[in-house]
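Because the structure is predicted, anything quoted here is derived from the model rather than measured. Excluded from the calculations below are hydrogen atoms, water molecules and symmetry mates; all remaining heavy atoms, backbone and side chain alike, are included. All ligand and atom numbering here is 1-based and tracks the order in the structure.
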Amino acid sequence: MSVVKHRILDEIALIEVSNPPVNAISAAVRIGLLETIEELSLDEKILAIVITAPERTFLAGADIKEFGKKIDAPILGNICDKIESLNKIVVASLHGTPLGGGLEVAMSAHYRIAAPNTKVGLPEVLLGILPGAGGTQRLPRLCGVSMALDMMLTGKHVPAKKALEAGIIDVIAKNNSTIDNGIEYAKKLIKDGFKPRPTSQMEDKISDKQEISNSLIKIKETASKKYKNLFSPHAIIKSVEEGLKLNFPEAISNERKLFEECIQSPQRQGLIHSFFAERANTKVPELKDGKPIELKKIGIIGGGTMGTGISMAAMNAGLDVIMIEQNDEAIEKAKTKINATYDRNVKLNRINNEQKLEIMSMFSATTDFNELKDRDLIIEAVFENMDIKKEVFSKLNRICRKNCILATNTSYLNVNEIATVVDDPIRVIGLHFFSPANIMKLLEIVVAEKTSTDTVATAFDLAKKMRKVPVRSGVCDGFIGNRILSKYLVSTYHMVEDGASPFHVDKVIRDFGCAMGIFQVIDLAGGDIGWATRKRKAPFRHKDDRYVEIPDRVCEKGWFGQKTSKGYYLYGENIDFLTPNPEIEVICEQERKRAGITPKKFDDKEILDKYIAAMVYEGTKILSEQIALKPSDIDVVFTNGYGFPRWRGGPMKYADMIGLDKILKNILKYSEEDPRFWSPPKLLEDLVKQNKNFDSLN
Ligand code: CAA
């Protein structure tokens with residue numbers, strides 16, 4: 001069946017595009033659209049053409065799957081130019097999310113009516129590209145350069161009301177019936193004598209050259225810092241700025257040239273990988289049969305940093321929360337923290353006071369576990385200690401309803417073992433939030449041996465309600481994220497003991513695009529956390545494992561990072577951001593001497609290679625053990641929870657892009673020095689032998 005159909009209704013032709021689920025503009029849509037437009041253009045009886053896509057949404061943009069592939073079909077830019085040049089009125093009747101190429105089609109129409117539910121945007125920047133079908137030229141003509149650039153640089157979706165005020169659309173319809181809206185509007189335009197109105201000829205909003213030049217200076221200044229590592233934001237600004245100095249067809253070919261450059265950029269590959277990876281993460285086997293239970297009432301055990309953060313995430317999702325703490329003082333502390341967070345949100349105009357009070361009314365706290373008996377789900381966030389966790393779960397087992405889901409927020413401990421104290425372990429699951437839990441997107445859903453499919457489905461449902469990015473993980477020490485983190489942390493300690501400066505390591509990691517350096521992260525999380533883990537694992541350490549004592553020496557001094565104002569860096573009111581603690585280098589020197597190591601110099605490449613190799617090494621092991629079901633899940637964990645640059649796609653995608661043979665070669669080289677730590681993973685060897693990449697496992 002054709003993806004583009006049309007009907008003639010007297011003097012109006014109605015085009016309907018149907019390419020579920022989101023009416024992406026695939027090659028078939030482009031071919032269909034062009035043929036239809038060409039056919040209709042010859043019919044003199046037709047006075048107006050209405051373009052609609054009546055299902056879930058108006059065209060949500062180009063078909064992203066086609067980028068980078070050679071496809072023989074007309075390009076969208078030419079179709080938009082053709083639409084605009086028609087000598088009949090063209091109306092785009094919008095609803096849902098006309099984004100990217102979808103909005104570009106709409107902007108090449110002569111008039112736009114939008115259903116009240118419409119949100120428009122040019123989010124190409126989030127995919128590492130620019131609006132390449134005239135968007136960088138037509139949007140400024142409709143709403144001015146500043147707003148157009150703001151939309152194109154952030155990718156934000158603009159609701160119908162704001163789009164109307166800005167001039168992007170002409171009218172908001174009374175309802176969401178996109179076909180009727182379009183036809184009615186076209187009839188009115190014909191009746192009132194309106195003529196075709198090409199956007200390319202609208203000059204009003206781009207006539208004040210001085211004002212545009214001033215705002216471009218400001219925008220470029222901000223962009224040079226904010227989008228330092230990125231390619232496409234600068235290409236977008238360039239296309240707008242240069243376009244304004246050219247005639248329209250020249251500006252369009254300039255935009256096309258810049259679009260092609262973006263398409264060739266590895267950042268486009270990384271970002272588009274992230275787009276699909278963040279949709280593939282919810283495709284897990286348990287969701288095929290699992291049915292979520294209805295979630296309304298939640299219990300949170302523990303009012304520390306995690307407990308308060310998770311409570312707020314739940315309250316923001318409209319869930320009623322009871323928090324359990326040990327005494328009134330702890331309750332007061334938790335309440336004050338939650339209250340202060342919402343006060344800040346009011347101050348920043350994110351919510352109003354009424355909304356704050358409404359959210360706070362969903363929160364209560366008590367020391368009495370019996371209050372949990374009507375809850376649908378409990379999330380335990382107490383101290384990371386197996387005995388304490390088991391004690392809590394035994395209580396929950398006694399008190400909670402039999403179908404209440406019991407979750408632990410442990411970041412390392414064995415969820416199977418925790419589940420042993422519950423009569424019916426099918427309802428036990430790990431929900432590993434990241435701090436601050438009310439803000440961080442990632443949620444690792446840890447499926448234990450006996451967890452039921454319904455419990456897993458409920459956890460994914462909770463993630464959706466909380467607007468988290470869930471990733472399924474199996475049970476192992478540290479799950480996906482922290483297990484990989486442990487590997488590269490230890491590998492980094494090796495490098496530092498061998499002679500690398502922690503501050504050099506951090507700089508390399510930041511320059512690579514990570515949000516923070518490794519030692520910065522330790523300071524943020526608190527050095528004592530890792531110290532406790534190292535002590536816990538000490539009895540299981542093999543005598544031949546290389547163990548670097550530098551971080552222990554730092555902790556022994558009570559330098560736990562930000563919370564003690566001193567860690568690898570110094571913190572305080574008058575201290576510059578990222579000021580190294582000078583005593584760290586002294587400790588490193590002493591420890592190198594003690595270990596009998598002659599320090600060697602590391603260059604940036606050596607540091608980065610080892611960092612990536614360690615991540616990919618452990619990522620490969622995690623895949624072989626089916627802790628992560630696919631490489632893209634590991635990528636999602638790192639781009640959403642560990643500050644790995646999204647535009648590099650995640651560690652596994654990055655490995656694919658640089659070549660698995662190169663990574664394996666490095667691992668083999670490192671294994672000559674330390675075969676216990678670096679013995680090459682079989683899966684990686686197999687992939688290289690078969691000339692395959694991680695993507696082949698997605
Ligand atoms: N191309 C191909 N597939 C797409 C797509 C696109 N543009 N947009 C969404 N999809 C797919 C998703 O991968 C998903 O597939 P699966 O069900 O197989 O996982 C499905 O459509 C539904 O998508 P969501 O789960 O994201 O659905 P949602 O309702 O939560 O969100 C949406 C809908 C707001 C449209 C969101 O999908 C979205 O933001 N899509 C991307 C929009 C975009 O970036 N458009 C610009 C494209 S680039 C361009 O147009 C360049 C140009 O200048 C010509």
Side-chain angles (χ1 to χ4, degrees), residues 3 17-30 33-34 53 55-69 71 73-81 83 94-108 117-139 148 151-159 232 235-236 239-240 252 255-263 265 267-269 271-284 287 460 463-465 467-470 630 632-633 636 646 698:
V3 290
V17 179
S18 168
N19 185 26
V22 296
N23 285 317
I25 310 167
S26 61
V29 171
R30 296 200 300 282
L33 252 183
L34 188 62
E55 284 145 29
R56 181 163 147 186
T57 172
F58 190 78
L59 319 171
D63 185 340
I64 303 168
K65 290 191 210 89
E66 289 181 356
F67 289 151
K69 292 186 189 151
I71 287 166
I75 61 168
L76 187 63
N78 292 350
I79 300 171
C80 288
D81 293 345
I83 291 173
L94 313 178
H95 74 296
T97 46
L99 299 172
L103 182 58
E104 288 175 301
V105 168
M107 291 192 294
S108 65
N117 73 359
T118 309
K119 284 184 180 164
V120 300
L122 291 179
E124 284 84 347
V125 72
L126 306 176
L127 306 171
I129 56 173
L130 57 73
T136 66
Q137 305 309 310
R138 288 194 179 94
L139 189 59
M151 282 174 69
M152 288 189 278
L153 293 175
T154 58
K156 67 165 74 145
H157 297 184
V158 175
S232 75
I236 289 169
S239 183
V240 171
I252 289 288
E255 176 192 88
R256 186 77 209 164
K257 186 187 96 217
L258 291 163
F259 176 81
E260 285 301 334
E261 284 174 20
C262 291
I263 286 284
S265 124
Q267 295 191 357
R268 186 269 303 164
Q269 274 192 58
L271 286 165
I272 288 186
H273 172 78
S274 293
F275 177 88
F276 286 114
E278 281 166 14
R279 281 155 180 83
N281 59 336
T282 52
K283 300 193 168 66
V284 303
L287 296 193
F460 273 88
K464 196 168 175 192
K465 287 196 164 74
R467 295 173 180 224
K468 300 282 176 205
V469 179
K630 48 193 180 301
S632 67
D633 283 351
V636 174
R646 209 181 141 74
N698 275 325

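- Glu255 places no side-chain N or O within donor-acceptor distance of the main-chain N or O of Ser239, the cut-off being under 3.5 Å.
- Ser18 and Glu55 are linked by a side-chain donor-acceptor pair at a separation below 3.5 angstrom, with hydrogens and angles left out of the test.
- The main-chain N or O of Ala24 is never found under 3.5 Å from a side-chain atom of Asp63 such that the two would form a donor-acceptor pair.
- A distance of 10.0 Å separates CG of Leu122 from CG of Leu130, quoted to the nearest 0.5 Å.
- Within the 4.0 Å heavy-atom criterion, both parts of Asp63, backbone and side chain, lie near ligand 1.
- Listed by number with element, the atoms of ligand 1 under 4.0 Å from a non-hydrogen atom of Thr97 are 35 (C).
- In the vicinity of Glu104, heavy-atom distances shorter than 4.0 Å reach the ligand 1 atoms 52 (C), 53 (O), 54 (C).
- In terms of polar-atom proximity, Phe67 is not counted as a contact of ligand 1, lacking any N or O under 3.5 Å from an N or O of the ligand.
- Within the structure, the closest approach of Pro123 to ligand 1 falls below 4.0 Å when heavy atoms are considered.
- Given atom 8 (N) of ligand 1, the protein heavy atom at minimum distance is Val22 CG2, 3.4 Å.
- Neither the backbone nor the side chain of Ile25 comes within 4.0 Å of ligand 1, counting heavy atoms alone.
- The protein reaches atom 16 (P) of ligand 1 closely, with a heavy atom under 4.0 angstrom from it.
- Judged by distance alone, with hydrogens and angles left aside, the side-chain atoms of Asn117 form a donor-acceptor pair with the main-chain N or O of Gly96 at under 3.5 Å.
- Residue pairs meeting the salt bridge (charged side-chain N to carboxylate O under 4.0 Å, His left out) criterion with at least one partner in residues 119-138, sequence neighbours excluded, are Asp81-Arg138, Glu84-Arg138.
- With hydrogens and angles ignored, the 3.5 Å screen pairs a side-chain donor or acceptor of Thr57 with a backbone N or O of Thr97.
- Counting the atoms of ligand 1 from 1 in the order shown, those under 4.0 Å from a heavy atom of Arg56 are 22 (C), 27 (O), 28 (P), 29 (O).
- Applying the 4.0 Å criterion to heavy atoms of Gly100 picks out, from ligand 1, the atoms 46 (C), 50 (O).
- Among Ala60, Cys262, Gly61, the residue whose heavy atom sits closest to atom 43 (C) of ligand 1 is Ala60.
- Near Pro21, the atoms of ligand 1 lying under 4.0 angstrom from a non-hydrogen atom of the residue are 20 (C), 21 (O).
- Ile129 contributes atom CD1, which lies 8.5 Å from atom CZ of Arg268 (distance to the nearest 0.5 angstrom).
- Remark: side-chain polar atoms of Ser274 are paired, donor with acceptor, to backbone N or O of Arg646 under 3.5 angstrom.
- When the heavy-atom distances from atom 38 (C) of ligand 1 to Phe58, Phe259, Phe276, Phe275 are ranked, the shortest goes to Phe275.
- When only non-hydrogen protein atoms are considered, atom 37 (O) of ligand 1 lies nearest to Arg279 NH2, 3.9 Å.
- Of all atoms in ligand 1, listed by their number and element, those nearer than 4.0 Å to a heavy atom of Pro131 are 53 (O).
- Take Asn23 and apply the side chain to side chain donor-acceptor pair (under 3.5 Å) test, not counting sequence neighbours, and it matches no residue.
- Both the backbone and the side chain of Ala62 come within 4.0 Å of ligand 1, judged by heavy-atom distances.
- Nearest-heavy-atom check against atom 1 (N) of ligand 1 across Asn23, Ile75, Ile64 picks out Ile64.
- For the atom pair CD of Glu104 and SG of Cys80, the computed distance is 6.0 Å after rounding to the nearest 0.5 Å.
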